[in-house]
Amino acid sequence: MKPVMLITGASAGIGAAAARIAAARGYDLALNYRSDDAGADAVAKTCREAGAEVLLCKADVADPVAIEAMYESIDTTYGRLDVLINNAGVVDQTAKVTDLTHARLRRMFDINVIGAMLVAKEAVLRLQAGGKGGVIVNISSAAARLGSGNQYVDYAASKAAIDCFTKGLSDEVAADNIRVMSIRPGLIETELHAKGGEPGRADKLAHTVPMKRKGSAEEVAQAILWLCSDEASYVTGSTLDVTGGR
Ligand code: NAP
């Protein structure tokens, strides 16, 4: 029986790249997204062509009821879960702390922190069932280290919360044979920057990266899939920078 991987935010960018590689490596997939039906359909088609069974789960991770419904559909379709890639996330427009509003902070933390924690909680309940264990990879950001002053401190703080959550959760479930890691991508070429109002951001800042270039979604996805593999069997509680040295 193939292992089942849930990827949140799989209609584009890093999540989509992880889905394509996972399909080629023999996983069946539950692909979550919020709104981009065309993007999700295209990713699902590619993954099916690579031999994976694919369940599309349209659900806003900021909505706890939608998270429950997503897991119910996974339980019904697969009856198991082996890996969670906790990837769905948003940035916002560049702003100083003095410009931040309650509504903006609420959205950022509802999606990037509370949503990610609730998605992980439901995954843990399933990975613990029957004692089989599994893997959770949370997608953080180099912003968690850098602070993102004058850009989006709220985003950076949300990702620092994910790194802290990763360490705490990994301690709680290590004895259950569940490994929990986070990855901190650096400047990666995806649509995320355009959604934050800065489409050219990765190119503009590439010179600040020690490797002098932006990264690709595939380069992050390769690191994600390595953490999921048995090659990383003694890795847990860690955060891995995929940043070109930034
Ligand atoms: P992206 O291309 O914008 O893709 C984001 C994905 O998340 C999309 O599939 C989107 O779905 C989904 N999503 C957003 N809000 C959601 C919600 N409330 N519920 C469910 N799905 C939701 O971004 P990306 O660059 O691949 O980012 C993926 C992760 O990497 C994020 O956590 C991001 O913070 C992190 N990251 C990215 C970079 C970078 O430079 N790109 C750097 C560091 C960290 P829909 O479009 O269908 O709504």
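This chain uses plain numbering: 1 for the first residue, then up along the sequence.
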Novice: Mind checking the CG-OG1 spacing from Asp41 to Thr46? Nearest 0.5 Å is all I need.
Specialist: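 The distance works out to 10.5 Å.
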
Novice: Any donor and acceptor pair, going by atom type alone, linking the side chain of Asn86 with main-chain N or O of Val137 inside 3.5 Å?
Specialist: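 Here the side-chain-to-backbone pair does not exist.
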
Novice: Could you check whether any side-chain N or O of Asn87 sits under 3.5 Å from a backbone N or O of Ile7, counting only pairs where one atom can act as donor and the other as acceptor?
Specialist: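 Not at all, since once roles are kept as given, no pair shorter than 3.5 Å links the two residues.
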
Novice: Give me the atom names and distance for the closest heavy-atom approach of Ala19 to Leu31.
Specialist: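 So the two residues come closest at CB-CD2, 3.7 Å.
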
Novice: Less than 3.5 Å apart, any donor N or O on the side chain of Asn138 or Thr166 sitting next to an acceptor on the other?
Specialist: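 Yes, Thr166 and Asn138 have a side-chain donor paired with an acceptor closer than 3.5 Å.
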
Novice: Is it true that a side-chain atom of Arg145 and a backbone atom of Arg246 form a donor plus acceptor pair closer than 3.5 Å?
Specialist: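 Yes: the side chain of Arg145 pairs with the backbone of Arg246.
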
Novice: Name the residue from Val119, Val124, Leu125 that meets the side chain to side chain contact (heavy atoms under 4.5 Å, CB included) definition with Glu122.
Specialist: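 Answer to the side chain to side chain contact (heavy atoms under 4.5 Å, CB included) test with Glu122 among Val119, Val124, Leu125: Leu125.
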
Novice: Between atom CG of Leu225 and atom OH of Tyr27, what is the distance when rounded to the nearest 0.5 Å?
Specialist: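 Taking CG in Leu225 and OH in Tyr27, the distance rounds to 6.0 Å.
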
Novice: So which atom in Val91 and which in Gly196 form the shortest heavy-atom distance, rounded to 0.1 Å?
Specialist: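 Nearest heavy atoms, Val91 then Gly196: CG2-CA, 3.8 Å.
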
Novice: Go through the structure and list residues passing ring pair (Phe, Tyr, Trp, His ring centres under 6.0 Å) with Phe109, not counting sequence neighbours.
Specialist: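 Checked Phe109 against ring pair (Phe, Tyr, Trp, His ring centres under 6.0 Å); zero matches.
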
Novice: Side chain to side chain contact (heavy atoms under 4.5 Å, CB included) for Ile114 and Arg106? Distances and angles first, verdict last.
Specialist: CA-CA 10 Å; Ile114 298 175; Arg106 192 74 261 175; 3.7 Å; yes

Novice: Check for a donor-acceptor pair, side chain of Asp154 on one end and backbone N or O of Leu105 on the other, with a separation under 3.5 Å.
Specialist: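 Not a single qualifying donor-acceptor pair exists.
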
Novice: Of Leu81, Val135, Ile85, Ile224, which is the lone residue that meets side chain to side chain contact (heavy atoms under 4.5 Å, CB included) with Met5?
Specialist: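 Of the listed residues Leu81, Val135, Ile85, Ile224, the side chain to side chain contact (heavy atoms under 4.5 Å, CB included) partner of Met5 is Ile85.
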
Novice: Does the side chain of Leu6 reach to within under 4.5 Å of the side chain of Leu55, using non-hydrogen atoms?
Specialist: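 SC-SC contact between Leu6 and Leu55 ruled out.
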
Novice: What heavy-atom pair brings Ala50 and Ala24 nearest, and what distance separates the two atoms?
Specialist: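 Looks like CB-N, 4.3 Å.
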
Novice: When hydrophobic residues are tied together by side-chain contacts of less than 4.5 Å, even through go-betweens, does Ile136 share a cluster with Val242?
Specialist: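 No, it is not one cluster - the side chains of Ile136 and Val242 are not joined through contacts under 4.5 Å.
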
Novice: Can you tell whether the side chains of Lys132 and Asp82 come within less than 4.0 Å, N to carboxylate O?
Specialist: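 Counted as a salt bridge, because a side-chain N and a carboxylate O are separated by less than 4.0 Å.
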
Novice: For Ser158, which residues count as a side-chain hydrogen bond (donor to acceptor under 3.5 Å, both in side chains) partner, sequence neighbours excluded?
Specialist: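 Listed in chain order: Asn112.
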
Novice: So among Ile139, Asn32, Ile67, which one has a side chain to side chain contact (heavy atoms under 4.5 Å, CB included) with Thr8?
Specialist: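 Running side chain to side chain contact (heavy atoms under 4.5 Å, CB included) over Ile139, Asn32, Ile67 with Thr8 returns exactly one hit, Asn32.
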
Novice: So which atom in Ser229 and which in Trp226 form the shortest heavy-atom distance, rounded to 0.1 Å?
Specialist: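 Smallest interatomic distance, heavy atoms only, reads OG-O, 2.7 Å.
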
Novice: Quick check: does any side chain N or O of Asp176 sit under 3.5 Å from a backbone N or O of Ile178, one acting as donor and the other as acceptor?
Specialist: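 Between the backbone of Ile178 and the side chain of Asp176 there is no qualifying donor-acceptor contact (under 3.5 Å).
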
Novice: Looking only at non-hydrogen atoms, find the nearest pair between Ile162 and Ala116 and report the distance.
Specialist: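 Closest approach of Ile162 to Ala116, heavy atoms only: CD1-CB, 3.7 Å.
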
Novice: Check for me, please, whether Leu205 and Ile14 land in the same ILVMFWY cluster - side-chain distances under 4.5 Å, paths through other members count.
Specialist: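 As far as the 4.5 Å side-chain criterion goes, Ile14 and Leu205 are not connected within one cluster.
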
Novice: Can you find a heavy atom in the side chain of Val220 that is under 4.5 Å from one in the side chain of Ile183?
Specialist: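 The answer is yes; the side chains approach within 4.5 Å.
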
Novice: Is the shortest side-chain N to carboxylate O distance from Asp171 to Lys167 below 4.0 Å?
Specialist: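 Salt bridge between Asp171 and Lys167, a charged N being under 4.0 Å from a carboxylate O: yes.
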
Novice: As an exercise, state the distance from NZ of Lys58 to OG of Ser35, rounded to the nearest 0.5 Å.
Specialist: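 The distance works out to 7.0 Å.
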
Novice: Kindly write out the residues that satisfy ring pair (Phe, Tyr, Trp, His ring centres under 6.0 Å) with Tyr78, not counting sequence neighbours, or none if the list is empty.
Specialist: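 Listed in chain order: nothing, the list is empty.
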
Novice: If hydrophobic clusters are built by linking Ile, Leu, Val, Met, Phe, Trp and Tyr wherever their side-chain heavy atoms come under 4.5 Å apart, do Val83 and Val4 end up in the same one?
Specialist: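 Looking at the clustering, Val4 is in a separate group from Val83.
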
Novice: Would you compute the distance between atom OG of Ser141 and atom CG of Leu146 and round it to the nearest 0.5 angstrom?
Specialist: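 If we round to the nearest 0.5 Å, Ser141:OG and Leu146:CG are 7.5 Å apart.
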
Novice: Any chain of hydrophobic side-chain contacts (each under 4.5 Å) joining Ile21 to Val54?
Specialist: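 Ile21 and Val54: one cluster.
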
Novice: Holding to side-chain hydrogen bond (donor to acceptor under 3.5 Å, both in side chains), I want the full list of residues that pass it with Lys204, two or more places apart in sequence or in another chain.
Specialist: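 For Lys204, the residues satisfying side-chain hydrogen bond (donor to acceptor under 3.5 Å, both in side chains) (neighbours in sequence not counted) are Glu198.
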
Novice: Taking everything shown except Arg48 itself, do over 12 heavy atoms lie less than 6.0 Å from its CZ?
Specialist: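 Yes, CZ of Arg48 has more than 12 neighbouring heavy atoms, counting only those of other groups under 6.0 Å.
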
Novice: With sequence neighbours excluded, tell me which residues meet side-chain contact (heavy atoms from CB on, under 4.5 Å) with Asn150.
Specialist: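 Partners of Asn150 under the side-chain contact (heavy atoms from CB on, under 4.5 Å) test: Lys96.
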
Novice: Name all residues meeting the side-chain hydrogen bond (donor to acceptor under 3.5 Å, both in side chains) criterion together with Lys121; count only those two or more places apart in sequence or in a different chain, and write none if there are none.
Specialist: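 If we apply the side-chain hydrogen bond (donor to acceptor under 3.5 Å, both in side chains) test to Lys121, skipping adjacent residues, there are no hits.
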
Novice: Quick one: does Leu240's side chain get under 4.5 Å of Met181's, heavy atoms only?
Specialist: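 No, every pair of side-chain atoms sits at 4.5 Å or beyond.
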
Novice: State the CZ-OG distance between Phe165 and Ser182, to the nearest 0.5 angstrom.
Specialist: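 It comes to 11.0 Å.
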
Novice: Please determine whether side chain to side chain contact (heavy atoms under 4.5 Å, CB included) holds for the pair Val90 and Lys195, giving the CA-CA distance in whole Å, both sets of side-chain angles, and the decisive distance to 0.1 Å.
Specialist: CA-CA 8 Å; Val90 292; Lys195 292 172 189 168; over 6 Å; no

Novice: Using modelled atom types only, decide if a donor and an acceptor are shared between the side chain of Ser216 and the backbone of Glu219 within a distance under 3.5 Å.
Specialist: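 It does hold such a pair.
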
Novice: Once you round to the nearest 0.5 Å, how far does NZ of Lys212 lie from NE2 of His207?
Specialist: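 Reported to 0.5 Å precision, the distance equals 7.5 Å.
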
Novice: Using every non-hydrogen atom in the two residues, find where Asp92 and Tyr152 come nearest and quote the distance to one decimal.
Specialist: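 Scanning both residues completely, I find the closest heavy atoms to be O-CD2, 3.4 Å.
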
Novice: Would you indicate whether the side-chain heavy atoms of Asp203 and Lys214 approach each other to under 4.5 Å?
Specialist: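 The answer is yes; the side chains approach within 4.5 Å.
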
Novice: Do Val113 and Val180 sit in the same hydrophobic cluster, where Ile, Leu, Val, Met, Phe, Trp and Tyr count as joined when their side-chain heavy atoms come under 4.5 Å apart?
Specialist: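 Same hydrophobic cluster.
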
Novice: Do any N or O atoms from the side chain of Arg20 and from the backbone of Glu218 form a donor-acceptor pair under 3.5 angstrom?
Specialist: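 Pair absent, no side-chain N/O of Arg20 close to backbone of Glu218.
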
Novice: Any side-chain to backbone donor/acceptor pair from Arg184 onto Ser140? Under 3.5 Å, distance only.
Specialist: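 Here the side-chain-to-backbone pair does not exist.
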
Novice: Check this for me: Gln93, atom CD, are more than 12 non-hydrogen atoms of other residues, nucleotides or ligands nearer than 6.0 Å?
Specialist: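 Check passes, neighbour count above 12.
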
Novice: For salt bridge (charged side-chain N to carboxylate O under 4.0 Å, His left out), just list the numbers for Arg126 and Asp75, CA-CA rounded to whole Å, side-chain angles, deciding distance to a tenth of an Å, and then say yes or no.
Specialist: CA-CA 9 Å; Arg126 285 156 181 83; Asp75 292 343; 2.8 Å; yes

